[in-house]
Structures are given as structure tokens and as C-alpha cells.
J.: 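Please read through the structure below; I'll follow up with questions.
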Amino acid sequence: MLSIKMTVNGKEVSGEVEGRTLLVQFIRDHLGLTGTHVGCDTSQCGACTVHVNGRAVKSCSLLAAHVDGDTVDTIEGLADGDTLHPMQEAFRQHHALQCGFCTPGMVMSAIGIVNDNPDPSETEIREALEGNICRCTGYHNIVEAIDAAAKEMRA
Amino acid sequence: MYDFEYQRATSTDDATSRYSAAEDARFLAGGMTLIPVLKQRLDQPSDVVDLGDLDDMRGISEEGGAIVIKAMTTHHAVNTSDLVASKIPALAHLAGTIGDQMVRNRGTIGGSLANNDPAASYPCAVLALNATIKTDKREIAADDFFTGMFDTALDEGELILSVSFPIPEEAGYRHFPNPASRFPIVGSFVAKGSDGVRVAITGAGPCAFRVTEFEEALSGGLNPDAIRDIKVSDDGLNTDIHASAEYRAHLINVMTRRAMGE
Ligand SMILES: Cc1cc2nc3c(=O)[nH]c(=O)nc-3n(C[C@H](O)[C@H](O)[C@H](O)COP(=O)(O)OP(=O)(O)OC[C@H]3O[C@@H](n4cnc5c(N)ncnc54)[C@H](O)[C@@H]3O)c2cc1C
Ligand code: FES
Ligand code: FES
């Protein structure tokens, strides 16, 4: 077993993992943060997206040991008490979810998109969502939510 | 995933000695290929040697008329590098077409070249730009590097350190993406440099290859009309659920013309 430490949503955490333990397993099973979902488990769908050192990554495709010492942010760390992050609020306002399964990954990806490109066009948003699959919404309202949140985050 | 011994290298020498000391090791770079392969139990290494801490394996610089990209540099870093954008904009563009933002944030140029997926994006740029691959043991010319499907000139345990791309006068890249995975079904990289015009294709065959008929036809300059009527043979090209060999042969001409701005 390996001892690992990382900062998750601003808190120092540690744990014992096997070499093969995935980051998503550490987040869900060891830390109990079940907001991060496993959709495909084959690196395709983006439901497992979290941020490592500020960049969006697929946590089903990283070893927990590989991110030892790093900073991880998950969907649970976004809201400030009862105040949602502007991206979460925009998803709520624009009805950008139906079943909600893809949503945590979508929101984490969307924040990554806006961090890299604060004023994305509709086409840029659609292209940047390449790594996230939603089986319900048809993406339209997700694109609108990201556009609205980008405006809010620029303000 | 079968379990393995996880090891973290502290230097490139440490990485290669850990590799040789282990029974059957793999280097881990971005993990965007290796981890999915391990999860599917397609491979069962005894040890995984993580290169993640080796900051001296990351970075992009200009050296003697070439852009040198270290092996652990991510696709995102190449895509957003001002240096690459100003000297070889086609290469920055290519890096931005790989997978999606999450894949680009982790995947590296060294991992992509070592893996040599038939549909990998970088190999056609490496061939067309006549790049040199530097390892812990030697320098390998692009023309000698890609030896077959998922096969390269690398020896067991040989570590890619960097790739040096001579700055071309002109270059372009266009690909026809698989609509689901975004890997190129066919990608074409065209470059005009001091050794003349080189055209290389990815996605169509077992690994990237040059199209000498196009190179000869373009020796007078990068003009799409010069190749319009050249039919590339579909002999030995890939056929799968996404595209037949015949269709890939057709795309080679179309993508090459588009790479020249058509
Ligand atoms: C959803 C998805 C979409 C993708 N789309 C594309 C695409 O459109 N185009 C494309 O080109 N790729 C694509 N990829 C693959 C991606 O580019 C990978 O990042 C790349 O193939 C491997 O790089 P890595 O750093 O992740 O390597 P790893 O997965 O860590 O390693 C891959 C192999 O290379 C070896 N290796 C790694 N570094 C070195 C080194 N320095 N020296 C020697 N051996 C080394 C490893 O031992 C392993 O065998 C996609 C991947 C995913 C998951
Ligand atoms: S669960 Fe990680 S990409 Fe689908
Ligand atoms: S809301 Fe159901 S998968 Fe996206």
C-alpha cells in the first residue's frame, strides 16, 4: 500500500491506496465525495471530470498515487455555503440538466473552458465540450448555461 | 486493472534504472493511453514508473533553427505556446485537435510518439517536419522512428527526452476526425523546409507514412492543383467500421489539399 496526501477542495487529506487505485475511486470510496461520477470508465464521457492543479482532467484515467501532493477540486468544493458557483447557478437557471448524471463533470469541464477562454463563442463552447457526453439534454441548454456563466464570471 | 508496483522517478537516470531493475516495467507519462489499456487488462506490467515529477522533461524552446519540445510537455502546452504558434503554427493547431481538453491537459508528446497509435496525430507532423527524436541513448531521425502499428525504433526501456522540429518555411495540417473519438480517420501534414516538401499521413495505414508522389508534384510549391488528379493507392490502408481503405485513400488527397489552405 502507498500513503498519499493531497489537498481536496481546500482541505488536506491523506489515505492508503494500491498502485492501481484510480483518482476517482479515491475521491468516491475513500473520501466519500460521490458527486464525481463514473459514466463510461473508458475515458470517453467526462462524467468523472475534476480539476487537478487547476486543470480539468478525467479522474477515471489517473492513478491516485500519480496526483500525490497535488491540489484537487471536485464539484463539492464549488459552492460557498448556500451560494452556488456562477456555473452551477447558470445550469440551474437554464435547465441545463435532466437526469443530472453528467452534470458534475459538465460543470467542472465548463469551468475549465471558461478559465481558458473567458469569452467563448457558441461554436467554441460546443467544440470545447468534446470530452463530455450527455444522454439527456441535447446539449443546447448546457451551451446556453456556459455562455451565461461566462458573462457572469467576467463581470 | 491488475495490480502493479507503483514507482515514482526522481530523475531521468532514476527512471531508466528503475525500469531496468523491474521485471516488466512501463513508463507512465500522461496516462491517457496507458491507464485505459491497463483498465482493460490488455497489458500487465509488474511495475509502473511514473515520470510525473520530472520537471526537466517539460518545456518548449528554440534552438538553432528548431523548436525543441521535451517529452513530458502536454498537448495543451504545445497548443497554447506562443513560441510554437509563431514558428510552427500548424503544429500548435495539430496539438489543439487532439482528443478533448481533459486529454490535452494530461497527454504528452513523448507518450504519443512512444505509443505510435495508427491514428495518433503527432506522427505525421514529426515525419513531415523531418524532426529528430532524442532519447536517453541516441538521436533517431523521423524517417527511422515509426516502424509499424504501435511499434517504434525505441529499444526496451529507452526513454524519449525531447523532439526537435526544424522550423519550416510553410506548413499546414488538416484532419478528418472520427466523429465519436476525435482521433483522425485521416490526417495530413504538409511542410516546405530546407529539404524540400514533405507530406505525411496519419490514420490511414498501420502507422504514419510519407506520400512521395505528392512531394514530387509539390516540389514547385504548395499548390493544391498540383496533386488534385493524383490517386493514392489503397493498398495496405486500414479498413474498419469507420472507413474503408478506398475511402481513406480518397481522404488522403482531400486532407492534403486542405492542409495547403484549399
Ligand atoms: C478520449 C481520448 C481521445 C484521444 N484523442 C486523440 C487524438 O485525437 N489524437 C492523438 O494523437 N491522441 C489521442 N488520444 C491519445 C492521447 O494523445 C495520449 O495522450 C497519447 O497517446 C499518450 O500520451 P500519454 O502522455 O498519455 O502517455 P501514457 O499513456 O502515459 O503512455 C503511453 C505509452 O508511452 C510510453 N511512454 C510515455 N512516455 C514515454 C517516454 N518519454 N519515453 C518512452 N516511452 C514513453 C508508456 O510507457 C506507454 O507505453 C486520445 C486519448 C483519449 C483518452
Ligand atoms: S467515467 Fe471517466 S471519462 Fe467516463
Ligand atoms: S442530464 Fe442526463 S446525462 Fe446529461
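Here the structure is a predicted model, which means the values were calculated and not measured. Just so it is clear: chains get the letters A, B, ... in the order the sequence lines come, proteins before strands, and each one is counted from 1.
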J.: Are K39(B) and C60(A) close enough that some pair of their side-chain heavy atoms sits under 4.5 Å apart?
T.: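 Heavy-atom side-chain distance check passes, below 4.5 Å.
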
J.: Taking atom CG as the centre, does D155(B) end up with more than 12 heavy-atom neighbours from other residues, nucleotides or ligands that are less than 6.0 angstrom away?
T.: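 Count over threshold, so yes.
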
J.: If you look at every heavy atom in D100(B) and K58(A), which pair is closest and at what distance?
T.: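 Smallest interatomic distance, heavy atoms only, reads OD2-NZ, 2.7 Å.
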
J.: Can you find a heavy atom in the side chain of L63(A) that is under 4.5 Å from one in the side chain of D50(B)?
T.: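 No, side chains not in contact.
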
J.: Which atoms of D68(A) are under 4.5 Å from chain B, going by heavy atoms: the side chain, the backbone, both sets, or neither?
T.: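 Both backbone and side chain.
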
J.: With a 4.5 Å cut-off on heavy-atom pairs, point out which of V67(A), L129(A), D41(A), N132(A) contacts chain B the most.
T.: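 Most heavy-atom pairs under 4.5 Å with chain B: D41(A).
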
J.: Side chain from CB out, backbone as N, CA, C, O: work out which of these in D3(B) comes under 4.5 Å of a heavy atom of chain A, or both, or neither.
T.: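 Both backbone and side chain of D3(B) come within 4.5 Å of chain A.
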
J.: Do S109(A) and Q101(B) come within less than 4.5 Å of each other through their side chains, counting heavy atoms only?
T.: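 Contact flag for S109(A)/Q101(B) side chains = yes.
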
J.: Counting only non-hydrogen atoms closer than 4.5 Å, does L38(B) touch chain A with its backbone (N, CA, C, O), its side chain (CB onward), both, or neither?
T.: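 Neither the backbone nor the side chain of L38(B) comes within 4.5 Å of chain A.
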
J.: Below 4.5 Å from any heavy atom of chain B, which atoms of T49(A) appear? Answer side chain, backbone, both or neither.
T.: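 The answer is the side chain of T49(A).
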
J.: When you look at CD of E23(B), are more than 12 heavy atoms from neighbouring residues, nucleotides or ligands closer to it than 6.0 Å?
T.: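 No, the 6.0 Å shell around CD holds no more than 12 heavy atoms from other groups.
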
J.: Would you call I35(B) and L62(A) a side-chain contact if the rule is heavy atoms closer than 4.5 Å?
T.: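 With C-beta onward as the side chain, the pair stays apart.
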
J.: Is it true that, when you exclude R55(A) itself, more than 12 heavy atoms of the residues, nucleotides or ligands shown sit nearer than 6.0 Å to its CZ?
T.: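 It does: R55(A) CZ has more than 12 such atoms within range.
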
J.: Does some side-chain heavy atom of E130(A) sit less than 4.5 Å from a side-chain heavy atom of V103(B)?
T.: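 Contact flag for V103(B)/E130(A) side chains = no.
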
J.: Could you check which of V52(A), I113(A), T42(A) has the highest count of heavy-atom pairs closer than 4.5 Å to chain B?
T.: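 If we count pairs closer than 4.5 Å to chain B, I113(A) comes out on top.
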
J.: Please state whether the side chain, the backbone, both or neither of A128(A) comes within less than 4.5 Å of a heavy atom of chain B.
T.: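 The backbone, not the side chain.
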
J.: Heavy-atom cut-off 4.5 Å, strictly under: side chain, backbone, both or neither for R8(B) against chain A?
T.: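 It is the side chain, since no backbone atom gets that close.
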
J.: Applying side chain to side chain contact (heavy atoms under 4.5 Å, CB included) to M32(B) and S43(A), what does each step give before you reach the verdict?
T.: CA-CA 8 Å; M32(B) 291 298 103; S43(A) 324; 5.9 Å; no

J.: Does M102(B) reach the side chain of H51(A), with side-chain heavy atoms less than 4.5 Å apart?
T.: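 Answer no - side chains too far apart.
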
J.: Any heavy-atom pair between the side chains of R20(A) and V48(B) that's under 4.5 Å?
T.: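 No; the side chains remain at least 4.5 Å from each other.
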
J.: Hey, is the main chain of V57(A) close enough, under 3.5 Å, to the side chain of N105(B) for a donor-acceptor pair?
T.: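 The answer is no, because no donor-acceptor pair under 3.5 Å joins these two groups.
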
J.: What part of I133(A) is in contact with chain B, defined as an atom under 4.5 angstrom from a non-hydrogen atom: side chain, backbone, both or neither?
T.: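 For I133(A), neither part sits under 4.5 Å from chain B.
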
J.: For a 4.5 angstrom cut-off between non-hydrogen side-chain atoms, does Y6(B) reach E18(A)?
T.: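 Not in contact.
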
